[in-house]
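Have a look at the structure below before the remarks.
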Amino acid sequence: MALPRSATVEARAGDDLAGGTRSRFLAAWLHAASRLGSFQGETASAGTLRSIGLIRPRRRSADPLASSSRRTRRLQYLSFDAWLEHAFGREVRFQQAPWYFDPEHDWWDPPALEAVSYLTRLFEDPEPALQGFADSQIAQGLTYLVNTNAAGDRRWLCSTDVPVEGRVRCVRSVAALFAKLFEPRCEPRLSHLSHAASKALNGVCYMWWDAFPSLALAGDPDLPTLHDCALQTMDRILQLESIACQESALHGLGHWHRDYSNKVSHIIDRFCEVHSGIDPRLSAYAQSARCGCVL
């Protein structure tokens with residue numbers, strides 16, 4: 001499978017951001033070939049290559065991050081565009097652990113106020129920010145940023161250095177992310193039944209609240225406000241038409257049942273009453289979530 005002459009792979013800021021070594025490019029190319037199938041000498045279009053994340057539309061120049069050494073770097077101050085490249089511009093490896101599990105890799109460690117601001121900006125309006133990234137890259141990037149099983153809880157949202165208004169806005173913005181990204185891109189499949197989906201974002205959508213960072217620590221006077229905001233956000237997501245998004249909200253509510261059983265039951269009862277004609281499998285899952293019986 002040959003690259004079209006017009007297609008170029010852009011160098012991104014820093015050797016780790018671009019995956020610029022020959023071996024990493026070859027791995028990405030083989031991954032692409034496996035997804036596109038055997039072309040027997042045909043040429044892949046630039047649009048097709050862009051759709052799988054092998055080439056990107058040209059963006060504004062990102063701020064230099066550091067030297068091009070292979071040593072681990074702590075990235076504290078990135079522009080918004082450079083941050084997007086750092087989190088989402090990575091190669092999605094074929095049958096290998098993601099880059100953020102490498103023994104040596106760059107990691108984003110900004111002040112909490114900047115982290116919450118960037119996440120809110122991304123969640124509120126994800127389409128322009130993520131334009132040109134493949135769904136697989138978006139899934140990998142979101143996992144790196146917010147899944148505590150991937151990079152741990154970096155305690156941005158529970159930091160009292162961030163005004164509570166900013167933390168509340170960030171949590172609320174998750175509903176916009178679901179409506180603008182997950183709803184149109186996820187397949188209508190139920191992940192709790194182990195129904196395999198071809199869309200990379202389905203898994204991230206389903207596990208969102210399961211692995212979401214802590215919103216407040218014990219002793220934080222704003223803990224009730226933030227937790228109530230999270231429950232309201234799950235309720236909003238539950239009202240979307242996407243079965244994948246509804247399942248995600250139910251999954252989250254099921255985990256919150258232990259501490260907020262009355263509120264969770266009320267939200268789910270109202271959902272079932274309004275959506276009496278939903279898929280019976282989702283209805284059964286709602287009843288499981290209502291008593292906290294979710295994994």
**Message:** salt bridge (Lys or Arg N to Asp or Glu O under 4.0 Å), that's the test. Do Asp269 and Arg290 meet it? Break it down for me.
**Reply:** CA-CA 8 Å; Asp269 286 346; Arg290 189 183 184 279; 2.6 Å; yes
[atom1]-[atom2] distance between [X] and [Y], expressed to the nearest 0.5 angstrom:
X	Y	atom1	atom2	answer
Glu124	Leu177	CD	CG	10.5 Å
Ser136	Glu91	OG	CD	10.5 Å
Arg154	Leu145	CZ	CG	6.5 Å
Trp209	His255	CH2	NE2	12.5 Å
Tyr77	Asp109	OH	CG	9.5 Å
Lys263	Leu231	NZ	CG	6.5 Å

Checking the side chain of [X] only, and the main-chain atoms of [Y] only, is there a donor and an acceptor separated by less than 3.5 Å?
X	Y	value
Glu114	Pro111	no
Glu85	Asp81	no
Glu127	Leu181	no
Tyr118	Leu78	yes
Thr148	Ala211	yes

With a 4.5 Å limit on heavy-atom distance, are the side chains of [X] and [Y] in contact?
X	Y	value
Leu250	Leu282	yes
Arg167	Asp220	yes
Tyr260	Ile267	no
Leu157	Leu226	no
Glu247	Arg189	no
Phe271	Gln246	yes
Thr233	Phe178	no
Cys245	Cys205	yes

Closest non-hydrogen atom pair, [X] against [Y]:
X	Y	value
Cys170	Val116	CB-CG1, 3.8 Å
Glu241	Glu183	N-OE2, 3.0 Å
Ala179	Pro184	O-CD, 3.5 Å
Ala244	Asn202	CB-ND2, 4.1 Å
His275	Gln239	CE1-OE1, 3.6 Å
Ala150	Phe101	O-CE2, 3.5 Å

**Message:** Apply side-chain contact (heavy atoms from CB on, under 4.5 Å) to residues Arg155 and Ser214 and explain how you reach the verdict.
**Reply:** CA-CA 7 Å; Arg155 299 194 172 188; Ser214 173; over 6 Å; no
**Message:** For a side-chain contact (heavy atoms from CB on, under 4.5 Å) check, start with the C-alpha distance between His227 and Trp256, then their side-chain angles and the critical distance, and finish with the verdict.
**Reply:** CA-CA 9 Å; His227 281 194; Trp256 281 60; 3.7 Å; yes
**Prompt:** Should we say atom CD of Glu273 is surrounded by more than 12 heavy atoms from elsewhere, each under 6.0 Å from it?
**Reply:** no
**Prompt:** Should we count CG of Asn262 as having more than 12 external heavy atoms under 6.0 Å?
**Reply:** no
**Message:** Can you classify the ring geometry of Phe88 versus Trp83 as parallel (below 30°), tilted (30 to 60°) or perpendicular (above 60°)?
**Reply:** perpendicular
**Message:** Please verify the inter-ring angle class for His251 with Tyr206; under 30° counts as parallel, over 60° as perpendicular, anything in between as tilted.
**Reply:** parallel
**Item:** Ring-face cation contact, Tyr100 with Arg93, 6.0 Å cut, 45° max
**Value:** no
**Item:** Linked, directly or transitively: Val168 and Leu217 (ILVMFWY side chains, under 4.5 Å)
**Value:** no
**Asked** Ile237 and Val274: same hydrophobic cluster, using ILVMFWY side-chain contacts below 4.5 Å?
**Response** no
**Request:** Output, in order, the C-alpha distance, side-chain angles, deciding distance and verdict of side-chain contact (heavy atoms from CB on, under 4.5 Å) for Gln232 and Asp228.
**Result:** CA-CA 6 Å; Gln232 292 174 17; Asp228 191 55; 2.7 Å; yes
**Complete:** Tested for ring-ring contact (aromatic ring centres under 6.0 Å, His included) against His86, the lone hit among Trp99, Trp107, Trp108 is Trp99
**Request:** Give the C-alpha distance, both sets of side-chain angles, the deciding distance and a yes or no for side-chain contact (heavy atoms from CB on, under 4.5 Å) between Trp156 and Leu119.
**Result:** CA-CA 10 Å; Trp156 297 323; Leu119 289 171; 4.0 Å; yes
